[in-house]
Chemist: 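The structure that follows is given in the form of C-alpha cells.
No experiment lies behind these values; they were computed from the predicted model shown.
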Amino acid sequence: MRESYSQKKAVLDNIKSEYISAVNNYMKQDYSIVVYGAGMYGMKICQMLRNNNIPIAAIGVTNIKYNRDKMFGIRVHTIDELVNRRQKYVYLLAIKPSAQKILEDEMNSRGVNSYIKLPKYAEELFDETFFRPVIEITPRIGCSVNCHFCPQELFLRTYNKLNRDCKKEMSIDDFKYYVDKTPEDCIIDFSGFVEPFLAHDGVEMIKYAYEKGRDIRLFTTLVGLTLEGFKQIEDIPFKFVVLHIPDVKKYANIPLTKEYFEILQYVILKKKKDGMPFVDMANCQAEPNPDVVKLIENRFPISWQLIDRAGNLEGDELQSVVANENNIYCTRALNMNHNVLLPNGDLLLCCMDFGMKRVLGNLKSQDYEEVLRGITMGKVIEENKNEGDLLCRKCVYAQSFDI
C-alpha cells in the first residue's frame with residue numbers, strides 16, 4: 001500500500017502542476033479566468049487558484065436558481081450572461097467527473113472552445129481526504145428520515161441478523177473509546193447510515209471530536225437537532241458541512257414543522273469566521289422543496305444527483321456503473337481507509353456496504369491498525385486487483401489503477 005501511496009501522490013502532484021500551467025498559459029494570452037461551477041469542485045478549484053495567486057474574474061453556473069450568488073466574494077453569473085459579454089474568458093469546468101460531459105456540452109453548444117476540462121484523477125486531486133483515514137460515524141441503528149433512495153431496510157435486516165451484539169445506539173463513552181483508538185489524522189465524519197442527531201449524544205460526540213483536535217465533517221438533515229444543541233457546535237470549524245433538505249416528492253421523511261423551519265433558518269443564516277455560510281452545500285433526493293429554496297436564497301448550491309449505492313438500489317433515476325474487471329482502487333481513499341463505524345464497534349468497508357458484506361473488524365476488541373490490516377481487508381485488496389467483490393466493481397467511486 002505504501003508504494004501505491006507514493007506512486008499516486010507523485011502522479012497527482014504532476015497533474016496539478018500541469019493544470020496550473022495550462023491556466024497560466026491562457027493568462028499569458030490575456031484571458032480572464034471563469035470557474036464554471038459553484039459546488040464542491042468549484043470551491044476546490046477556486047481555493048487552488050487562490051493558493052497559486054491566480055485571479056478569478058467570475059464564477060459561472062448554468063442555472064442560478066439553485067446556486068449561491070457569491071463564492072469567496074466573487075459574483076456568480078449564469079454562463080449565458082458571461083458568454084454574451086464576448087470577453088476573453090477561459091472557462092475552468094468544475095463539476096464532478098461523472099457529470100463533466102454536461103458542462104462540455106454546454107460550452108460546445110454556445111460555440112465556446114476556450115475551456116479547460118477537469119484534470120484526470122480530479123476526485124483525488126481536489127479531495128484532501130484521499131490520503132487520510134476517514135471514519136463515518138453511524139451512532140444509531142435505524143433512521144427515521146428513511147430516504148427513498150437509501151438502502152435502510154437492507155442494512156437493518158442484515159445488522160439484526162448478523163450481529164452478535166445488537167447494540168442500537170452508541171453512547172458518548174463508546175464514542176470516546178472508539179475515537180481514541182483511531183490515528184490522530186483520522187477525519188471524523190458525522191454521516192454514516194443514519195442522521196447523526198437522532199442519537200442522544202450526537203452533539204456531545206461532535207464536541208468531543210473537536211476537543212481532541214480532529215477534523216470534522218457534518219452531513220445532516222437537522223432532524224433530531226434542537227436550536228440549543230446547534231448553538232453548542234455552531235462555532236466549531238467543520239471542514240465541510242452538507243445539509244440534506246426536503247424535496248417536492250417527499251422522498252426524505254423530514255417533518256416540515258414550525259420547529260424545523262426555525263432551526264433551518266438559523267443554520268442557513270449562520271456564517272463561519274471567514275464570512276462564508278456555515279453550510280457548504282445542500283442536496284436532496286428530488287427537486288428541492290420551494291419553501292426551503294426560498295430560505296436558502298442562493299447562499300449555497302443545491303444538487304440532487306443520485307447513485308445506486310454500488311448496486312444496492314434500482315431505479316432509472318439513479319446513476320450506476322458496469323462492473324469493472326480491471327485493477328481498481330477507491331477514489332475516496334487510496335488505502336481503503338474511508339470506513340463506517342457502527343454502534344457495536346464494527347468497522348465496515350465503506351458507506352456503500354449496507355449489506356455488511358465486508359465487516360473489517362471491531363474497534364471494541366481490536367486496535368485500529370489490526371482491523372485495517374486484517375484478513376477481510378486483504379481479501380478486498382486482492383479482489384480489486386483481479387476479479388470479485390461486486391460491491392467495489394459496481395461503485396461510481398471505483399477507478400482503474402493505470403499507473
Chemist: Only distances under 3.5 Å count here; give the side-chain donor-acceptor pairs of residues 38-55 to other protein atoms, sequence neighbours excluded, each with its distance to 0.1 Å.
Modeler:
residue : atom : partner : partner atom : Å
N51     : ND2  : Q47     : O            : 3.2
N52     : ND2  : M48     : O            : 2.8

Chemist: Applying salt bridge (Lys or Arg N to Asp or Glu O under 4.0 Å), name anything that partners D215, two or more places apart in sequence or on another chain.
Modeler: R132

Chemist: Could you tell me if the ring centre of F175 sits under 6.0 Å from that of F190?
Modeler: yes

Chemist: Taking atom NE2 of H200 as the centre, does the number of heavy atoms from other residues, nucleotides or ligands within less than 6.0 Å exceed 12?
Modeler: no

Chemist: May I have the step-by-step check of salt bridge (charged side-chain N to carboxylate O under 4.0 Å, His left out) for D80 and R110, ending in yes or no?
Modeler: CA-CA 8 Å; D80 285 325; R110 290 166 173 79; 2.6 Å; yes

Chemist: Got N335 and L372 here, is their nearest side-chain heavy-atom distance under 4.5 Å?
Modeler: no

Chemist: Could you walk me through whether F278 and F230 pass the ring-ring contact (aromatic ring centres under 6.0 Å, His included) test, one step at a time?
Modeler: CA-CA 12 Å; F278 175 84; F230 179 71; 5.1 Å; yes

Chemist: List the atom of D280, the atom of F300, and the distance in Å for their closest heavy-atom pair.
Modeler: O-CB, 3.6 Å

Chemist: Go through the steps to decide whether E383 and R358 satisfy the test salt bridge (charged side-chain N to carboxylate O under 4.0 Å, His left out), and finish with yes or no.
Modeler: CA-CA 12 Å; E383 288 170 345; R358 292 293 182 265; 2.9 Å; yes

Chemist: With sequence neighbours excluded, tell me which residues meet salt bridge (Lys or Arg N to Asp or Glu O under 4.0 Å) with K168.
Modeler: none

Chemist: Does a side-chain N-to-carboxylate-O contact under 4.0 Å join D201 and R140?
Modeler: no

Chemist: Between N339 (side chain only) and M336 (backbone N and O only), is there a donor and an acceptor less than 3.5 Å apart?
Modeler: yes

Chemist: Would you please classify the geometry between the Y159 ring and the F155 ring as parallel, tilted or perpendicular, with 30° and 60° separating the classes?
Modeler: tilted

